[in-house]
Amino acid sequence: MKFLIKPIIDKYLENKSYEYVNYSIDYPPEAVFGDYSTNLAMVLAKKIKQNPINIAQDFKAFCENSEFSNKFKIKIEKPGFINFFLTNETISKEFLTLYQKKETYFQFENMPKKKIQIEFVSANPTGPLHIGHGRGAAIGDSLARILNFLGYNVVREYYINDAGYQMYILGLSTFLRYKELLGQKIEFPQDAYQGEYIKDIARDLIKTYQDNLLSMDNAIDICLDKAKNTIMNDILHDMENFKVTFDVFFSESSLFQNNEVEHTIELLKSKGFTYEKDGALWLKTTQFNDDKDRVLIKQDGKYTYLSSDIAYHKNKFLKRGFDMVIDIWGSDHHGYVARLKAALEALGIDSQKLIVLLVQFVNLIQENNKISMSTRKATYIELKELIKEIGTDAARFIFVSKSINSHLDIDISLLKKKSMDNPVYYIQYAHARIMSILEKSNCNNELDESMIKLLQETEEINLIKSLLQFKEYLHDSAKTLEPYLITKSLLMISEKLHQFYNKHKVIGENKDLSCARVGLIKTVAFVLALGLSLIGIQAKNKM
RNA sequence: GCGCCCGUAGCUCAGCUGGAUAGAGCAACGGCCUUCUAAGCCGUGGGCCAGAGGUUCGAAUCCUCUCGGGCGCGCCA
């Protein structure tokens, strides 16, 4: 309920006609310091060269003479912290609002109309998804759910890199395995796809075509199509099991078919941002903050990957009119951000509308050694396997509960052994506990102000506070694009619920109190289910 | 060599627009089920916040350097 605190501080600053002051409102480290605290006095002290304690006292007096005086109490601490203690009345009132408004309590008052695209996973259809992709998938999907809930118009997109050399290699790899299985001698190149799944696809091809492909001119194309479709289906199947969906699958090759790549390059040319050198066409990205200029058309006349990517992002912004585009990439692509943004600027598109989230790699721990995931070195674990071992909920929770900047280490053998220790069960258990109590209770009265006033125990107040804080975490999560804040809040709510449960009975002799408590835990269950749904995890009724 | 991310408890991670004795989960140890789910609750131990300087009333947080790890630095995608 920071929004209860902020107005009074701003009013104070306005009253004193101080210019912009960069103060913060935080949760104090311990409950004895109150519900909220601000460093206002200490920040001001520097600015106006006064003792922070004096400023704090002045602020306190100002509050006590304002219409806010009954909402919270203020205490001043050592260096100059101003601590706010919400009164139980304030908390009850706020809780009643939450109870009545349900999800709209957590949404913005003015629903944003912004059109946001989130592009994520976008793994090349050249092999199965591994747990690195799983991290990007869980984060992208959760962000989409969160922003969608807050009222943004969100489109989830998967970009299929189905053009270019990699695809040719995929087709070739498949064709070679096909020949091999038919008893021919082949040389399998090192940069071909080594995985067993290629052989499976080749086997399917033999079922369909017998040995007829050997004499066909377009054999590699047929192999490529088959491989691409098979792998894409496998990826989709994994995503479905991981509860990740997409609205749009955008094909890179369609950009070539529609001449969008060509037109984009022409546009850049006409704007004068290109030049020819060494038989190639270059884009002057250095004019827009890049280290060096980049090639658009190679000596051999083919477009670079950057060219189609510029066309793709031009399509996002100019053709489809997204107000904001969030690309979720692996951190290995970070060097690519500057050139793409530069290209957008060259096209006259505000590059700030493009937000690239770089998700750090997932490292595997095997026998106490870190191994980075690589498809080539075959040091990866398929997402399928992780889901099979610990389930979608536990797997998603691991990915979503960490900041995207953290270098995540996963020891799969440890995970298997201790999968029941996953904190997701702590939350789901809290929900299941509530549902079990609700089955036994027969109170269906709606909460009103007088009933809420019965909830005065420390554990009840703490539980209510944690529910109200969910709003802050949710909004911070959307603002910072960090879904882990949701998990953090849900864990706190669950903790408060378990503490309450262990100390107090919901169903008891006092009918009114029982009903009030039923209303309370119903609301807890509602918020837990809402929060879990925002990270794509099931709320369980029984465990 | 240059750039990005990171180094916090035995393990996995929060805290990093500078603030109050550095947090959580797991692991370890000790308690709590004749009463709504013990996948829970209560308690204990555990840290030169990689290291060294600096700025500041105040640094895990900001600056510089060093060490260690991951990833980039293609007319690959």
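So that the names make sense, note that chain A is the first sequence line, chain B the second, and so on, each numbered from 1.
- Distance from the side chain of A/Phe81 is smallest to B/rA20 among B/rA14, B/rA20, B/rC6.
- In this structure, CG of A/Leu491 is placed 9 Å from P of B/rG25, rounded to the nearest angstrom.
- Between A/Ile404 atom CD1 and B/rC13 atom P the separation is 15 Å, expressed in whole Å.
- Pairing of B/rG7, defined by two Watson-Crick or G-U wobble distances under 3.5 Å, is identified with B/rC67.
- A/Leu340 contributes atom CG, which lies 11.5 Å from atom NE2 of A/His333 (distance to the nearest 0.5 angstrom).
- Using a 4.5 Å heavy-atom threshold, the side chains of A/Asn289 and A/Lys341 count as separate.
- Rounded to whole Å, the separation between the P atoms of B/rG15 and B/rG3 comes to 26 Å.
- Non-hydrogen atoms lying under 4.0 Å from RNA chain B are contributed by A/His504, A/Lys505, A/Val506, A/Ile507, all within residues 503-510 of chain A.
- A/Glu30 comes within 4.0 angstrom of a nucleotide base, judged by non-hydrogen atoms across all strands.
- Below 30°, between 30° and 60°, or above 60°: for A/Tyr12 and A/Phe59 the angle between ring planes is above 60°, a perpendicular geometry.
- Taking syn as a glycosidic angle within 90° of 0, B/rC33 qualifies as syn.
- Residues A/Glu460 and A/Phe500 are in side-chain contact: their nearest non-hydrogen atoms beyond the backbone lie under 4.5 Å apart.
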*Under 4.0 Å protein heavy-atom contact, by nucleotide of nucleotides 72-77 of chain B - B base, S sugar-phosphate only*: SSSBSB

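- The distance between the ring centers of A/Tyr312 and A/Tyr159 falls below 6.0 angstrom.
- Comparing B/rA59 with B/rA50, their P atoms are spaced 15 Å from each other, to the whole Å.
- Remark: B/rC29 base-pairs with B/rG43; criterion is Watson-Crick or G-U wobble with both hydrogen-bond distances under 3.5 Å.
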_Treating primed atoms plus P, OP1 and OP2 as sugar-phosphate and everything else as base, which nucleotides of nucleotides 38-48 of chain B get B, S or - for protein heavy atoms under 4.0 Å?_
SBBSS------

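- In this structure, B/rC73 forms a base pair with B/rG1, meeting either the Watson-Crick or the G-U wobble geometry with both donor-acceptor distances under 3.5 Å.
- Of the C1' atoms belonging to B/rA77 and B/rG68, the separation is 31 Å, rounded to the nearest Å.
- Using atom C1' as the reference point in both B/rU61 and B/rC49, the two lie 10 Å apart (nearest Å).
- Under 4.0 Å is where a charged nitrogen must lie from a carboxylate oxygen, and between A/Lys488 and A/Asp476 no such pair does.
- Remark: P of B/rA24 and CD1 of A/Ile493 are 18 Å apart, rounded to the nearest angstrom.
- With hydrogens and angles ignored, the 3.5 Å screen pairs a side-chain donor or acceptor of A/Ser173 with a backbone N or O of A/Ile169.
- Ionic pairing of A/Glu457 and A/Lys503 is not present here: no N-O contact between side-chain nitrogen and carboxylate oxygen is shorter than 4.0 angstrom.
- Annotation: of the two residues near RNA chain B, A/Lys440 and A/Asn83, the 5′-most nearest-nucleotide partner is A/Asn83.
- By the 30° and 60° cut-offs, the orientation of the rings of A/Phe249 relative to A/Tyr158 is tilted.
- Counting to the nearest Å, the C1' atom of B/rC71 and the CG atom of A/Asn363 are 10 Å from each other.
- A/Ser24 places no side-chain N or O within donor-acceptor distance of the main-chain N or O of A/Asp26, the cut-off being under 3.5 Å.
- Atom P of B/rC11 sits at a distance of 13 Å from the matching atom of B/rG47, rounded to the whole Å.
- Interface remark: the A/Asp26 side chain does not form any donor-acceptor pair with the B/rA20 base, using a distance-only criterion of under 3.5 Å.
- B/rC48 and B/rG70 are spaced 24 Å apart, taking the P atom of each and rounding to whole Å.
- Within the nucleic acid shown, A/Ser37 comes within 4.0 Å of at least one base atom, counting heavy atoms only.
- We find that CE of A/Met492 is positioned 15 Å from P of B/rG23, with the value rounded to whole Å.
- Note on A/Asn51: nothing from the nucleic acid sits closer than 4.0 angstrom, heavy atoms only.
- The residue A/Lys46 sits close to a base: some heavy atom pair falls under 4.0 Å.
- The side chain of A/Ser406 contributes an N or O atom lying less than 4.0 Å from OP1 or OP2 of B/rA14.
- Residue A/Ile76 contributes atom CD1, which lies 18 Å from atom P of B/rA20 at whole-angstrom precision.
- Using cut-offs of 30° and 60° for the angle between ring planes, the A/Phe246 and A/Phe120 rings count as tilted.
- With A/Phe85 as the aromatic partner, A/Lys75 meets the cation-pi criteria of under 6.0 angstrom to the ring centre and within 45 degrees of the ring axis.
- The P atoms of B/rG19 and B/rG58 are separated by 15 Å, rounded to the nearest whole Å.
- Look at B/rA22: it lacks any Watson-Crick or wobble partner with both distances under 3.5 angstrom.
- When atom types are taken as modelled, the side chain of A/Asn502 and the backbone of A/His498 share a donor-acceptor pair closer than 3.5 angstrom.
- For B/rC36, there is no paired base (Watson-Crick or G-U wobble, both distances below 3.5 Å).
- If you measure from atom OH of A/Tyr473 to atom P of B/rG15, you get 10 Å, rounded to the nearest angstrom.
- You'll find the ring centres of A/Tyr27 and A/Tyr36 inside the 6.0 Å limit.
- In this structure, CG of A/Asp290 is placed 14 Å from P of B/rC4, rounded to the nearest angstrom.
- Comparing the C1' positions of B/rG40 and B/rG46 gives a spacing of 24 Å, expressed to the nearest Å.
- Ranking B/rU12, B/rC36, B/rG25 by closeness to the A/Leu408 side chain, first place goes to B/rU12.
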